[in-house]
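Please find one structure pasted underneath; my questions will follow.
Just so you know, these numbers come straight off a predicted model, no measurement behind them. Convention: sequence-line order gives letters A, B, ...; per-chain numbering from 1.
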Protein chains: 2
Amino acid sequence: MSYKVLIVEDLQELLEAMSDFYREKGAGLWEVVTASDGKDALAKVAGNDFDLMILDIMLPGASGFDICKAARSKGDCPIIFVTALGSENSILKGYETGCDDYVVKPFSLKQLYAKSLGLLKRAKKNQDSDLLSCGSISLNKRTMLVKVNDREVSINAKEYFLLVYLLENKNSVLTRRAILERVWKDDLDVTDRVVDTAIRRLRDNLGEASGQIKTVIGRGYRLTEE
Amino acid sequence: MSYKVLIVEDLQELLEAMSDFYREKGAGLWEVVTASDGKDALAKVAGNDFDLMILDIMLPGASGFDICKAARSKGDCPIIFVTALGSENSILKGYETGCDDYVVKPFSLKQLYAKSLGLLKRAKKNQDSDLLSCGSISLNKRTMLVKVNDREVSINAKEYFLLVYLLENKNSVLTRRAILERVWKDDLDVTDRVVDTAIRRLRDNLGEASGQIKTVIGRGYRLTEE
DNA sequence: TTTCCCGTGTCACACTCGTGTCACATCGAT
DNA sequence: ATCGATGTGACACGAGTGTGACACGGGAAA
C-alpha cells in the first residue's frame, strides 16, 4: 500500500529535492507525482486521486489557491501550502481556501515530511471512522453513500440508519427492542413489527447482499460477512 | 488474576529495564514474557495467549510488523509498538498493520506503563461481563454468539437462555424447577419434561461439547468443564 | 394553493420453524 | 428383576417471521 502525493513547485531544483526525499525516505511508501506549472498541476489533479498535495502558491499558469480549489471541489485530500517568507496574508488566504497546513520557505524537508505524515494519519483516521463495511456492503457515514460490490445503491432514511446500526454491530444479534431504541429513538410508540418491514425494505434494496442480514428467530437480526 | 504481557526488544538492557518495571510496578499484576529476536517472538506468540504485547519494530529475525500480523491473525490483544526517533513512516505502517498505540525511543517507562493500563482497560471492557465460558463452550451475551472450540454454533432462543443459565451457574446442579423459573418465567404451565427436551436439543447443537452437560439423576442438570 | 409522489407505519394472511407433548426405549438404583 | 427417572423420536400446534397491500402524511412540483 502506498500513498500518492502530488508536489507542485516551479523551482526545478527544489522540486527534485522534495520528490527525491519522499521517494527515498518512505522506501516505497510514496508514489510521487510532480508538476512545475499551474496548468500541468490542474490536469493532474483532475486525472488522479491523491492522498496528499504539496502546493507552491506562486506558480506560472495558475496559483496554488486555484489548484487547491480544484482539488477541494473533487475530494478532500490533505493539502500543504508552500509559501515564501513574509507573505503571511497568503497563509491566511490559504486557510480560507481550505489548506490543512503550510510551510514557509526556506523550510527543512524533514519538517515538511513530518507534517505530511501527521496529516495523512489524521485523514486516515477520519476516513476509517466514517467508513463502515461488512462483506460486500460498504457505507460512508460522511457522504451517506451505500455500496454493494462497489455498485452504489439508494436506500431511504430509516433503512440507512438501520444499516448503520447493523454495520456498527456486525456479527452481533440485535434485538428488535435494541433496534427500535437506536433507530426510532423518540417515536417508540410503534409496533415491533416496523423493524421487520424496515429489514425487508433494506434487504430489497441491498439486492444480492440481502442474504447478509440473517434472521435469528426469537431474538432479532444479525449482519454477517457472508 | 494476572495479565500476560509479551515484551520484544533486542537491546538487552532495555528489555531488562522494561520487564523489571512491569514485574515490580504491577506487584504481581503482570506475568512477563520476553523475547529478543523475531523468531523467538513468533514462537511465543503462537504458543501463548497474551493480554498485551509491546513490540520493537527493528528486530533480528522478523520485524515487529510480522509479529503484529501473526498476533492479529490469532486474536485481538492490544499491541504497542516501540520505534526509534524519526521513523515516522514506521508508525504509519504500524497503524496499518493494526497496532493500538506506539511510543518513540527514548521513552519513559512510566509513560509506556500508563499506555499499557489504558489499553488493557479498554480491551477488558469489550470482553468482560459479556463473556461466559466453560470448557470448550463460550458464549458472548452481547453478540449472542455461541462457540464450541472457537467454531460458531447456532442454537435456538430457549436453548440459548438455558445455556446462559447453565454457564452462569457452572458446576452447580440446577433443578428442573429452578431452570423452569429462570428460563420459562411466565409460561410456568408446562411439564417438567420440557426441560429434558430443551437439554436434549441443546446437547445436539453443542455437538462435541454435549458431554459437558451432565445429568444428575433425581436432581437435575449440571454444566461441567469437561 | 392543489396535486402528486414517496417514505413509512400498520394490518392481514401465509408459512416456516421453534417448541411442548406424548409414547416408547433405555438407563440406573435398590 | 422391578420401578422410577431420563433419553429419544415423532408429531402437532402456535409463536414468530416474510410478504403484499393499503393508508396516512409530508414535501416537492405545478
### Task
Would you please say whether a donor-acceptor pair under 3.5 Å links the side chains of B/Ser116 and B/Tyr22?
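Indeed, the side chains of B/Ser116 and B/Tyr22 share at least one donor-acceptor pair under 3.5 Å.
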### Query
From the list C/dT8, C/dT19, C/dG20, which nucleotide is the closest neighbour of the side chain of A/Asn156?
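In terms of side-chain proximity for A/Asn156, the closest of C/dT8, C/dT19, C/dG20 is C/dT8.
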### Task
Take atom CD1 of B/Ile155 and atom P of C/dC17, then tell me their distance rounded to the nearest Å.
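Between P of C/dC17 and CD1 of B/Ile155: 18 Å.
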### Side-chain N,O (B/Thr191) to OP1/OP2 (C/dT21) below 4.0 Å
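Yes, B/Thr191 has a side-chain N/O under 4.0 Å of OP1/OP2 on C/dT21.
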### Task
Rounded off to whole Å, could you give me the NZ-to-P distance for the B/Lys185 and D/dA15 pair?
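Computing the B/Lys185:NZ to D/dA15:P distance gives 18 Å.
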### Query
Can we say A/Glu168 and A/Lys141 salt-bridge, meaning some charged N sits less than 4.0 Å from an Asp/Glu carboxylate O?
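A/Lys141 and A/Glu168: salt-bridged.
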### Task
Examine B/Tyr3 together with B/Phe50 and report whether their ring centres are nearer than 6.0 Å.
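Centroid separation for B/Tyr3 and B/Phe50: 6.0 Å or greater.
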### Message
If I take atom CD1 in residue B/Ile217 and atom C1' in nucleotide D/dG7, what distance separates them, rounded to the nearest angstrom?
### Response
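The answer, rounded to whole Å, is 11 Å.
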### Task
Could you tell me the separation between the CG atom of A/Asp204 and the C1' atom of C/dT8, rounded to a whole number of Å?
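Interatomic distance, CG of A/Asp204 to C1' of C/dT8: 14 Å.
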### Query
Which is true for B/Thr197 with a 4.0 Å heavy-atom rule: it touches a base, it touches only sugar-phosphate, or it touches nothing?
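Base contact.
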### Query
Between the side chains of B/Arg176 and B/Thr191, does any donor sit under 3.5 Å from an acceptor?
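Absent: no donor and acceptor within the cut-off.
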### Query
Should the pair A/Arg182 and A/Phe161 be classed as cation-pi, given the thresholds of under 6.0 Å to the six-membered ring centre and 45° from the axis?
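No cation-pi geometry.
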### Task
Report the nucleotide, chosen from C/dT21, D/dG7, D/dG18, that has the shortest atom-to-atom distance to any side-chain atom of B/Thr215.
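In terms of side-chain proximity for B/Thr215, the closest of C/dT21, D/dG7, D/dG18 is D/dG7.
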### Distance in angstrom units between A/Asn205 CG and C/dT8 C1', rounded
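One finds 13 Å between C1' of C/dT8 and CG of A/Asn205, rounded.
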### Task
Using a 4.0 Å heavy-atom cut-off across all strands, classify B/Ala157 as base, sugar-phosphate, or nothing.
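Sugar-phosphate, no base atom in range.
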#### Entry: N or O in side chain of B/Trp184 less than 4.0 angstrom from C/dG20 OP1/OP2
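Yes, within the criterion.
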### Donor on one side chain, acceptor on other, B/Thr224 and B/Lys214, under 3.5 Å
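A donor-acceptor contact under 3.5 Å links the two side chains.
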### Query
Could you state the CZ-P distance from A/Arg201 to C/dG9, rounded to the nearest angstrom?
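Rounded to the whole Å, the gap is 8 Å.
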### Task
Go through the side-chain N and O atoms of A/Glu208 and A/Ser136 and say whether any donor and acceptor fall under 3.5 Å apart.
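A/Ser136 and A/Glu208 do not have a side-chain donor-acceptor pair below 3.5 Å.
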### Message
So for B/Arg193 and D/dG7, does any side-chain atom that can act as donor or acceptor lie under 3.5 Å from a complementary atom in the base?
### Response
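Looking at the base of D/dG7, it does pair with a donor or acceptor on the side chain of B/Arg193 (distance under 3.5 Å).
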### Task
Mark yes or no for a side-chain to base donor-acceptor pair under 3.5 Å between B/Arg203 and D/dG7, with no hydrogen or angle criteria applied.
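It does not, because no donor-acceptor pair links the side chain of B/Arg203 to the base of D/dG7 below 3.5 Å.
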### Task
Starting at atom CZ of B/Arg200, determine the distance to atom C1' of C/dG18, rounded to an integer number of angstrom.
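Spelled out: CZ on B/Arg200 to C1' on C/dG18 is 13 Å.
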#### Entry: Upstream residue (5' side of DNA chain D) when A/Gly218 and B/Ile199 are each assigned their closest nucleotide
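Residue closer to the 5' terminus by nearest nucleotide: B/Ile199.
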### Identified side-chain contact (heavy atoms from CB on, under 4.5 Å) partner of B/Val195 from the options B/Leu180, B/Val183, B/Leu174, B/Val190
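The passing option is B/Leu180.
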### Task
For A/Tyr160, report the nucleic acid contact type (base, sugar-phosphate, nothing); a contact means any heavy atom under 4.0 Å.
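Counting heavy atoms under 4.0 Å across all strands, no contact is made by A/Tyr160.
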### Task
Please report, rounded to the nearest Å, how far the P atom of C/dT21 is from the NZ atom of B/Lys158.
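My rounded result for the distance is 11 Å.
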### Task
Could you tell me, to 10°, how much the axis swings from one end of the helix from C/dT1-D/dA30 to C/dT30-D/dA1 to the other, five pairs per end?
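Answer rounded to 10°: the end axes differ by 30°.
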